[in-house]
Amino acid sequence: ASYANGVVLVELAPLRDPELVVPTIAQAVGIADVHQPLEALAEALHSQELLLLIDNAEHVRDATPAFVGLLARAPRLTILVTSRTVLHLTGEHVFPVPPLEIGAAQVLFEQRVRALQPEFTVTEDDLETVRELCRRVDGLPLAVELAAARVRVLRPQDVLDRLNDAANL
């Protein structure tokens, strides 16, 4: 509600080629089949008050300087980029994400597993395992999410066992 033209989420996780970042953003805001996507994007966003949420930029860092150019040409645009690494962009503000308390980490774990498997519930048998998983990853949100993603193919106990095995190497 704070942005007159809303919020647009752009997921970069599936991309491997930095050249695809700007066209992906253009497509997310409704600009399709353009030969110069950065120019078209800047023109389309110039007068819009929009929050552009760009997720997982760390693996396509070579494309991120385009964000600075876009901000210079679209003064009412706000860009929030998530990344596991600092991008070292002009005007970048870094907001570290602190660890979660164990209860909050458990909730995040269950939410992320349910996003992949809607029928998933933490059973009484799994409760202590999930707590220990969250403790072992120090309540770090990204680590909790990565552990939760493994539950697509493994039981929570198996994820914890693998984490323990890795720690013992």
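Bear in mind the structure is a predicted one, so any value in this text is a computation, not a measurement. Quick note: residue numbers are just sequence positions, from 1.
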Review point. Are side-chain heavy atoms of Leu108 and Arg112 found at a separation under 4.5 Å?
Key: yes
Exercise for review: Could you go through the side-chain contact (heavy atoms from CB on, under 4.5 Å) check for Val10 and Val8 one step at a time?
Suggested key: CA-CA 6 Å; Val10 182; Val8 174; 4.2 Å; yes
Exercise for review: Can you measure from OG1 (Thr121) to CD (Gln117) and round to the nearest 0.5 angstrom?
Suggested key: 10.5 Å
Practice item. Evaluate the criterion side-chain contact (heavy atoms from CB on, under 4.5 Å) for residue pair Leu15 and Thr24; output intermediate values, then yes/no. Key: CA-CA 9 Å; Leu15 301 182; Thr24 300; 3.6 Å; yes
Check your understanding: Do the non-hydrogen side-chain atoms of Gln48 and Arg76 ever get within less than 4.5 Å of each other?
Key -> no
Point to revise | Test item: Thr85 and Arg61 side chains (from C-beta on) under 4.5 Å apart, heavy atoms | key: yes
Check your understanding: Hey, quick one: are Val22 and Leu87 part of the same hydrophobic cluster, counting side-chain heavy atoms closer than 4.5 Å, chains of contacts allowed?
Key -> yes
Practice item. Mind checking the CG-CG spacing from Leu163 to Asp158? Nearest 0.5 Å is all I need. Key: 12.5 Å
**Study point:** Neighbour count above 12 (heavy atom, 6.0 Å) for Arg16 CZ
**Key:** yes
Review point. Of all heavy-atom pairs between Val97 and Pro141, which one has the smallest distance, and what is that distance?
Key: CG1-CG, 3.6 Å
Review point. In terms of hydrophobic clusters joined by side-chain contacts under 4.5 Å, are Val137 and Leu154 together?
Key: yes
Revision key, fill the gap. Value for CD (Glu128) from CZ (Arg135), rounded to nearest 0.5 Å, stands at 5.0 Å
Check your understanding: Does Arg114 reach the main-chain N or O of Phe120 with its side chain, forming a donor-acceptor pair under 3.5 Å?
Key -> yes
Point to revise | CG on Leu100 to CG on Asp138, rounded to 0.5 Å | key: 11.5 Å
Review point. Any chain of hydrophobic side-chain contacts (each under 4.5 Å) joining Phe109 to Leu116?
Key: no
Point to revise | Within-4.5 Å side-chain heavy-atom neighbours: Leu52 and Thr78 | key: no
Point to revise | Main-chain N/O of Asp126 paired to Thr123 side chain as donor or acceptor, under 3.5 Å | key: yes
Practice item. Determine, for Glu145 against Arg150, whether the closest basic-nitrogen to carboxylate-oxygen distance falls under 4.0 angstrom. Key: no
Practice item. Take Ile54 and Leu12 through the test side-chain contact (heavy atoms from CB on, under 4.5 Å) and record every step on the way to the result. Key: CA-CA 7 Å; Ile54 302 173; Leu12 299 183; 3.3 Å; yes
Check your understanding: What closest approach, in Å, do Leu50 and Val29 show between heavy atoms, and which atom pair accounts for it?
Key -> CD2-CG1, 4.3 Å
**Study point:** Side-chain touch Ile25/Phe67, heavy atoms, less than 4.5 angstrom
**Key:** yes
Check your understanding: Roughly how far, to the nearest 0.5 Å, is the SG atom of Cys134 from the CD atom of Glu110?
Key -> 10.5 Å
Check your understanding: How many angstroms lie between CG in Leu38 and CD in Glu43, if you round to the nearest 0.5 Å?
Key -> 11.5 Å
**Study point:** Student check: side-chain heavy atoms of His59 and Asn56 closer than 4.5 Å
**Key:** yes
Review point. Heavy-atom count around Glu124 CD within 6.0 Å, excluding the residue itself: above 12?
Key: no
Review point. Is there a path of hydrophobic side-chain contacts, each under 4.5 Å between heavy atoms of I, L, V, M, F, W or Y residues, that connects Leu41 with Tyr3?
Key: no
Exercise for review: Please name the pair of heavy atoms, one in Pro75 and one in His46, separated by the smallest distance, quoted to 0.1 Å.
Suggested key: CD-O, 3.6 Å
Point to revise | From CA spacing to verdict: side-chain contact (heavy atoms from CB on, under 4.5 Å), Arg155, Val159 | key: CA-CA 6 Å; Arg155 295 176 307 117; Val159 176; over 6 Å; no
Check your understanding: Considering only heavy atoms from C-beta outward, does the side chain of Leu142 approach that of Arg84 to under 4.5 Å?
Key -> yes
Point to revise | Closest approach of Val144 to Ala105 (non-hydrogen atoms, all atoms of both residues) | key: CG1-O, 3.5 Å
Check your understanding: With a 4.5 Å limit on heavy-atom distance, are the side chains of Ile31 and Pro37 in contact?
Key -> no
Revision key, fill the gap. Taking every heavy atom of Pro18 against every heavy atom of Ala63, the minimum-distance pair comes out as O-CB, 3.3 Å
Check your understanding: Where is the tightest heavy-atom contact between Glu11 and Leu9, given as atom of each residue plus distance?
Key -> OE2-CD2, 3.5 Å
**Study point:** Cluster overlap Leu70 with Leu53, hydrophobic side-chain contacts below 4.5 Å
**Key:** no
